[in-house]
K.L.:
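Below are the structure tokens for one structure; questions will follow.
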Amino acid sequence: MAPGAVSPAVDVDAVKSLAAATADYDDTLRFYLNGTKVVLDDADPEVTLLEYLRGIGLTGTKLGCAEGGCGACTVVVSQYNPTTKKIYHASVNACLAPLVSVDGKHVITIEGIGNVKSPHPAQERVAMGNGSQCGFCTPGIVMSLYALLRNQSDPSQHDVEEAFDGNLCRCTGYRPILDAAQTFSKEKASACGNSIANGGSGCCMENGADGGCCKSDADGVNGDDQPIKRFTPPGFIEYNPETELIFPPALRKHEYKPLAFGNKRKKWFRPATLEQLLEIKSVYPSAKLIGGSTETQIEVKFKAMQYSSSVFVGDIPELREYSFNEDHLEIGGNIVLTDLERVSKEAIEHYGPARGQPFAAILKQLRYFAGRQIRNVGTPAGNLATASPISDLNPVFVATRSTIVAKSLNKTIEIPMTEFFKGYRVTALPPDAIIASVRVPAAAEKLEFMRAYKQAKRKDDDIAIVNAALRVSLAEDHTVDSANLVYGGMAPTTVAAKHAEEFLVGKKLTELETLEGVMSALEQDFDLRFGVPGGMATYRKSLALSFFYKFYHEILSKLDSGEVEAEVDHQAIGEIEREISFGKKDHDSTVEYTQNTLGKARPHVAAMKQCTGEAQYTDDIPVQKNELYGCLVLSTKAHAKLLSVDPSPALELPGVVDFVSHKDLPKPEANWWGAPNCDELFFAVDEVFTAGQPIGLILATSAKAAADATRAVKVDYEDLPAIFTIEEAIEKESYFDHYHYIKKGDVDAAFAECDHVFEGVTRMGGQEHFYLETQACVVVPKPEDGEMEVFSSTQNPTETQTYVAQVTGVEANKIVSRVKRMGGGFGGKETRSIQLAGICATAAKKVKRPVRCMLNRDEDILTSGQRHPFLSRWKVGVNKDGKLQALDADVVNNGGWSQDLSAAVIDRALSHSDGVYNIPNVYVRGRIAKTNTVSNTAFRGFGGPQGMFIAESYMSEVADHLGMDVNELRELNMYKMGDITHFNQELKDFFVPVMWKQVQEESDYAQRKQKVEEFNQTHKWNKRGMALIPTKFGISFTALFLNQAGALVHIYHDGSVLLAHGGTEMGQGLHTKMTMIAAEALKVPQDSVFISETATNTVANTSSTAASASSDLNGYAVWNACAQLNERLEPYRQKLGPEASMKQLAHAAYFDRVNLSAQGFYKTPDIGYVWGPNTGQMFFYFTQGVTAAEVEIDTLTGDWTCLRADVKMDVGRSINPSIDYGQIEGAFIQGQGLFTTEESLWHRASGQIFTRGPGAYKIPGFRDIPQEFNVSMLKGVQWENLRTIQRSRGVGEPPLFMGSAVFFAIRDALKAARAQWGETAVLSLQSPCTVERIRTACADPIVKRAMVVPREGEKSFFVSI
């Protein structure tokens, strides 16, 4: 259909100037907030809803990413929906929503639904169900659950499972959150308390009891006819939808007036009718139209784009309507995507399954389109107008031959979708027109077929790598009448495969030659070069072919089989679908050693505060008087000379106060920091060594003014050669001055004598910490003696104190470093937090005013370092019976531009390179590559997972070379109790062999392995794999002096106890365990013990909270302090009797002038390893575990799911099993991410990291966890040699490597896939095992024909360092 003029929408005489057109617009914003009316006459159009909420003190809503990708800022916006004519409670990202978009709506935040004293059932169940660890993501998750319950008071289990697709959590592993949320599902809420669904042994109906059903009343009347009585888990508040906040009656009558707001920089208009919108567009065609603001806010924040005039179109009812017509569905351009889902379901019902195929395709694409918060505000018109080449909806609109109805003031035109996209982000929409509606044709009743496809790095809430909408229409003889093969992600625009479409038309679809012809034509259409923007050339090309292959066979399966010549490949049809996930834990694991407090399952002490938004994090601290906001000026070059830095243009901007650089330090030496090697600069001086290195700090009166000013600082560079990868560093011999080795036995002699010697290379990428709370700091200078208070989100208060003293030129006793809690740390705040604290302290000293800075997610990723990437070249000697004889390995990690903790990380990798295997002759050597990337740092596991990954890689490859089962090889070589490691430490209390057997029995491993083999024999394209992975993780700091801790305990008159210790709380439950230890020791209830914060003026000279040793170290220090107090109180216990309360004891002791304060101390005994001679004990003990995992992969796309994981850990005698289970689950999922979805990429041309936020960097989401996730702790054994507090073991880091079981299960599945196509070469699989790596390793004919090889000198678009 050609563009044609239709009658004008508005009379031509109505055209006026913009000022005249909007002269009558109102300038008052009216909305409700948590039930209270708010009227603003001075609303700033540049302020987001999140900035407003936090600015007025509602800090429960958090900033996690500022791009709508993590859900930490989720609030509920209730409004009358003009599409459905009902009230809808929309979960939205407050970081994207402009404040001025909430006119006439009711905003509900976490504070509005409950508090600690009176929580909402959603808050209570997440808290008590251990669904909150660090708590930073929790308010957003609770609000997503709240939104679900407001819209569906009895959601299904499926509704609950999918309710969190716009939320991320880095701590919990998601399982406890889902378990808590599922208590609201109708299956569980309406089930009996004894039902299997609710964790019981089965209700009378399920068990077939003779006595009738308990739901029947005394007269035998079936209880199901009565009103439903919800099952409320014991001890929980009942959920009653009738008690929720009502939608304010005044808003039902709210008149949507046209609104205008603005300042000198920006004007914002909110027309209330289509006519008003078209008037504005006619006089100001370049005005930016905003629907959901999901793209605009990112452009403004991250791309520095400025729109002087914006027009919000979200409240125009005419643009949010839809209508069913004879041959098409017309949808308003601004219908929100959540409504479009519902309309699509209606359309399928209205037109029937055959004619409704286009709407089924829309529905399918919407299912994985961003998260619910984005779908609640995003619109089709926004998708079309932004013209993203990877939009999921646009290919469907093009393939269905939809038509855009574009309206301007003078005319309405119709633009066929096939002619709409003109170039990258360029469309055929006239400048003065808006997308009023889209007409989507229904399919023909017969012989028209339409399907949509998408593949992304992660299933939920992810942008497509490639998507497609494929449509064919056939004649009665199955000749193709017309075809649309439309792809996204293959070109700068949504693009049709022209050659393939032309080839198809006129061909008989049922002939096999047709498939081959289309595949060849697609190769022509998508002849990607190796260095194509976006990378992944082979993978993207293979997806284009695979999608058509799936489509072709699905269509053949729908035709009359008698007329189909080509054989239908039924196994190519469909995609992997997840079941409702579930899991179980062994809650009886601590029964045999439970005491009054210790050993009992207790929720995190701050869980309820975190679930109600009352828990305070660094950036939640109220703004101080005269406070300034800092924003870092960062290097944009990977390696360059700094020719000049000119802040003067920035200093002229409104609100900017000062610029801070190395010139503001007391002396040049004060600029150097780093531990243990002082080789890093707070501020660059004359050279930058990585993109993201701080050059200076802008100070301004608001965070936005500071951020704008940083872009105005002029920095001139002269480029220098840069090194990015380990391979480049090895080639150029760029290393740091650190070389350690472990040598045991004679490897050369062993290689000479053994039957086989195999060599290999193991490569492993890094990992971004992605703690939900980014690096944050508030520095408050005091008027006397250079004193300063530093509130920092840090794992290391003492080192913070040390370096703040250095940059301010005072002694450490003038500096108090404080931390109440962190929103996650994982090692990323052990040293890297020092940089920000030092810079902010320098600034605060200079201006003598408080300074605050919380990094944006992109700044945090640019500056704070990651897990170290590793490369190992290994050689293994083995006899033909499978007994390992020797290991020789060179291990290199990528340290980045400074050493940081790289030496200790490589050392731990060397000590863990044996895995759990007894190899008599070992020689492993470690070096640190010096590159021009961000300085890599501590991350949960600290080199241990990398060392064990090397071990499991050589075990897998050696087993393949020998043709033996890898589990047989593992069992044959596994350490036994009393064996000596390669660093000469005896293994005591070593229970890996015990757990190895238990996990196999409890998970039916052998039986399931047999079924997997049968599945792989009968499935061509989907393959399953299993893996059984053991771990042993050494517990202690490898630096001897760090293995110490202090504690301070005060008992007050009223019997309450104040406890301070050297550890910090980052969600791992350390404070919970410490209060339990103190409560047990002092014989008081746990709620009588309180920890306020960690601070350097209460406990001095602390070690960082790291190495999984904090419970051991601080726990014994607390116990030691309590023992002193118990000794002093013993006479009073004797005197007052065993029933005397602590209040009575303290009172009596006080009047006898007895000291009720005690300082405790502990240092780990026996340890002290010496490198080189290989003497001394390296670790105090080892935490161990075994995991079985099963996966299924789709070899046509690389898509996969973890079907089941069974994790068993030996954590000794658990202090608190709830906390320990949370650590195990969270670490496992973080490990799964490390080895599968989490890939850090650098942009080769600029040398900058590309994966700098949730849009590009993919941590696991709710729907990535194992479908069946079982966790247990070893019980029934004696820990005879474990001399720790309560005989517990450290649990924070060890389970992380268990996530690699998923990686090795995928490798197992890939072996089956490759074997099917005759590929016999041993598979060397690089980590992370992304969907791309899975697909390209499959060795099938489709991927082989899609292979793209680099031309001479051609390099990839991205670099993996």
Side-chain angles (χ1 to χ4, degrees), residues 69 295 361-362 364-370 378 383-384 386-399 417-418 420-427 451-471 484-501 519 521-551 575 1194 1196-1199 1237 1239 1241 1243 1250-1251 1255-1258 1330-1336 1342-1343 1346-1348 1356-1358:
E295 181 84 10
I362 289 173
K364 184 184 174 193
Q365 296 305 70
L366 285 175
R367 184 180 174 194
Y368 298 115
F369 188 111
N383 240 267
L384 290 161
T386 53
S388 167
I390 49 172
S391 159
D392 295 333
L393 280 183
N394 293 351
V396 181
F397 291 141
V398 177
M417 274 302 310
T418 48
F420 186 69
F421 299 112
K422 296 300 184 188
Y424 180 66
R425 305 272 184 182
V426 179
T427 72
R451 297 290 184 273
Y453 302 90
K454 172 181 177 177
Q455 186 58 49
K457 292 181 180 181
R458 183 179 69 205
K459 196 79 176 173
D460 272 334
D461 191 12
D462 196 2
I463 52 175
I465 296 168
V466 176
N467 51 31
L470 311 178
R471 187 198 67 83
N484 292 90
L485 311 180
V486 185
Y487 287 85
M490 297 301 292
T493 63
T494 299
V495 65
K498 292 287 186 206
H499 290 96
E501 288 179 354
M519 298 290 262
L522 283 170
E523 288 181 63
Q524 272 181 283
D525 283 314
F526 303 124
D527 186 18
L528 304 181
R529 56 187 177 79
F530 184 75
V532 64
M536 300 189 276
T538 296
Y539 183 46
R540 285 156 69 187
K541 193 171 173 182
S542 76
L543 285 173
L545 299 177
S546 292
F547 286 164
F548 183 78
Y549 186 86
K550 280 176 171 280
F551 175 68
E575 57 190 63
D1194 180 343
L1196 280 169
T1197 60
D1199 197 15
T1237 56
E1239 183 178 33
L1241 296 171
H1243 183 233
F1250 166 73
T1251 46
Y1257 186 80
K1258 298 299 166 184
T1330 58
V1331 285
E1332 177 192 11
R1333 289 201 175 104
I1334 292 171
R1335 179 69 191 99
T1336 52
I1342 294 175
V1343 80
M1347 198 62 70
V1348 179
S1356 59
F1357 186 75
F1358 290 126

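Quick note: numbers below take in every heavy atom, side chains included, and nothing from hydrogens, waters or symmetry partners.
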K.L.:
Would you confirm whether Gln365, through its side chain, and Leu393, through its main-chain N or O, come within 3.5 Å as a donor-acceptor pair?
P.N.:
no

K.L.:
Applying salt bridge (Lys or Arg N to Asp or Glu O under 4.0 Å), name anything that partners Lys541, two or more places apart in sequence or on another chain.
P.N.:
none

K.L.:
In Å, rounded to the nearest 0.5 Å, how long is the span from CE of Met536 to CG of Leu528?
P.N.:
11.0 Å

K.L.:
Of the non-hydrogen atoms in Ala464 and Asp392, which two are nearest, and what is the gap between them?
P.N.:
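Heavy atoms of Ala464 and Asp392 come nearest at CB-OD1, 3.5 Å.
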
K.L.:
To the nearest 0.5 angstrom, please state how far the CE atom of Met1347 sits from the OG atom of Ser542.
P.N.:
8.5 Å

K.L.:
Answer yes or no: is there a side-chain heavy-atom contact under 4.5 Å between Val486 and Phe397?
P.N.:
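No; the side chains remain at least 4.5 Å from each other.
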
K.L.:
I'd like to know if Arg458 pairs up with Asp1199 as an ion pair, taking the criterion as any Lys NZ or Arg NE/NH1/NH2 lying under 4.0 Å from an Asp or Glu carboxylate oxygen.
P.N.:
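Asp1199 and Arg458: not salt-bridged.
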
K.L.:
To the nearest 0.5 Å, tell me how far Tyr368 OH sits from Asp462 CG.
P.N.:
12.5 Å

K.L.:
Check whether Lys498 reaches the backbone of Val495 with its side chain - one donor and one acceptor, N or O, closer than 3.5 Å.
P.N.:
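Not a single qualifying donor-acceptor pair exists.
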
K.L.:
Is it the case that the side chain of Arg451 and the backbone of Ala361 share a donor-acceptor pair, with hydrogens and angles ignored and the cut-off at 3.5 Å?
P.N.:
no

K.L.:
Between atom NZ of Lys550 and atom CG of Leu543, what is the distance when rounded to the nearest 0.5 Å?
P.N.:
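Going from the NZ atom of Lys550 to the CG atom of Leu543 covers 10.5 Å.
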
K.L.:
To check you understand the geometry: which heavy-atom pair defines the closest contact between Val396 and Ala452, and what is its length?
P.N.:
CG2-CB, 4.3 Å

K.L.:
Run the ring-centre check on Tyr487 versus Phe526 and record whether the distance is less than 6.0 Å.
P.N.:
yes

K.L.:
Would you call Thr1237 and Lys457 a side-chain contact if the rule is heavy atoms closer than 4.5 Å?
P.N.:
no

K.L.:
When you measure from the side chain of Ser546 to the backbone of Thr1197, do you find a donor-acceptor pair of N or O atoms at a distance under 3.5 Å?
P.N.:
no

K.L.:
For residues 521-536, pull every pair meeting salt bridge (Lys or Arg N to Asp or Glu O under 4.0 Å), keeping only residues two or more places apart or in separate chains.
P.N.:
Glu523-Arg1345, Arg529-Glu1354

K.L.:
Report the residues that fulfil ring-ring contact (aromatic ring centres under 6.0 Å, His included) with Phe547, sequence neighbours left out, ordered by chain and then residue number.
P.N.:
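Scan of Phe547 (ring-ring contact (aromatic ring centres under 6.0 Å, His included), adjacent residues dropped) gives Tyr453.
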
K.L.:
Looking only at heavy atoms, which two atoms of Thr427 and Ala387 are closest? And how far apart?
P.N.:
CG2-CB, 3.7 Å

K.L.:
Can you name the residues that form a salt bridge (Lys or Arg N to Asp or Glu O under 4.0 Å) with Arg471, not counting sequence neighbours?
P.N.:
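Partners of Arg471 by the salt bridge (Lys or Arg N to Asp or Glu O under 4.0 Å) criterion, ordered by chain and then number, come out as Glu448.
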
K.L.:
Nearest heavy-atom pair of Leu384 and Asn394: which atoms, and what distance?
P.N.:
CD2-OD1, 3.4 Å

K.L.:
Going by side chain to side chain contact (heavy atoms under 4.5 Å, CB included), name the residues that satisfy it together with Thr1330, two or more places apart in sequence or in a different chain.
P.N.:
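With neighbours one apart ignored, the set is Glu1239, Pro1328, Glu1332, Arg1333.
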
K.L.:
What's the verdict on side chain to side chain contact (heavy atoms under 4.5 Å, CB included) for Phe1357 and Val532, showing C-alpha distance, side-chain angles and the deciding distance?
P.N.:
CA-CA 6 Å; Phe1357 186 75; Val532 64; over 6 Å; no

K.L.:
Give a yes or no on whether the backbone of Thr386 and the side-chain of Arg425 come within a donor-acceptor separation of less than 3.5 Å.
P.N.:
yes

K.L.:
Do Met417 and Phe421 touch side chain to side chain, with heavy atoms closer than 4.5 Å?
P.N.:
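Yes, at least one pair of side-chain atoms sits under 4.5 Å.
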
K.L.:
Which residues pass the ring-ring contact (aromatic ring centres under 6.0 Å, His included) test with Phe1250, sequence neighbours left out?
P.N.:
Phe1358

K.L.:
With heavy-atom distances below 4.5 Å as the criterion, would you say the side chains of Ile465 and Arg540 are in contact?
P.N.:
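The answer is yes, as the side chains (C-beta and beyond) meet within the 4.5 Å cut-off.
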
K.L.:
Heavy-atom distance under 4.5 Å between the side chains of Ser391 and Asn383, does that happen here?
P.N.:
yes

K.L.:
Once rounded to the nearest 0.5 Å, what's the spacing between atom CE of Met519 and atom OH of Tyr549?
P.N.:
7.5 Å

K.L.:
Can you name the nearest heavy-atom pair linking Ala456 to Val1331, along with the distance?
P.N.:
O-CG2, 3.7 Å

K.L.:
Measure from the side-chain N and O atoms of Thr494 to the backbone N and O of Pro395, and report whether any donor-acceptor pair falls under 3.5 Å.
P.N.:
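No, because the side chain of Thr494 does not come within donor-acceptor range (under 3.5 Å) of the backbone of Pro395.
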
K.L.:
Where do Val398 and Asn484 come nearest, in terms of heavy atoms and distance?
P.N.:
O-ND2, 4.2 Å

K.L.:
So, are Glu575 and Lys459 salt-bridged, with charged N and O less than 4.0 Å apart?
P.N.:
yes

K.L.:
Measure the CD1-CE distance between Ile390 and Met490 for me, rounded to the nearest 0.5 Å.
P.N.:
13.0 Å

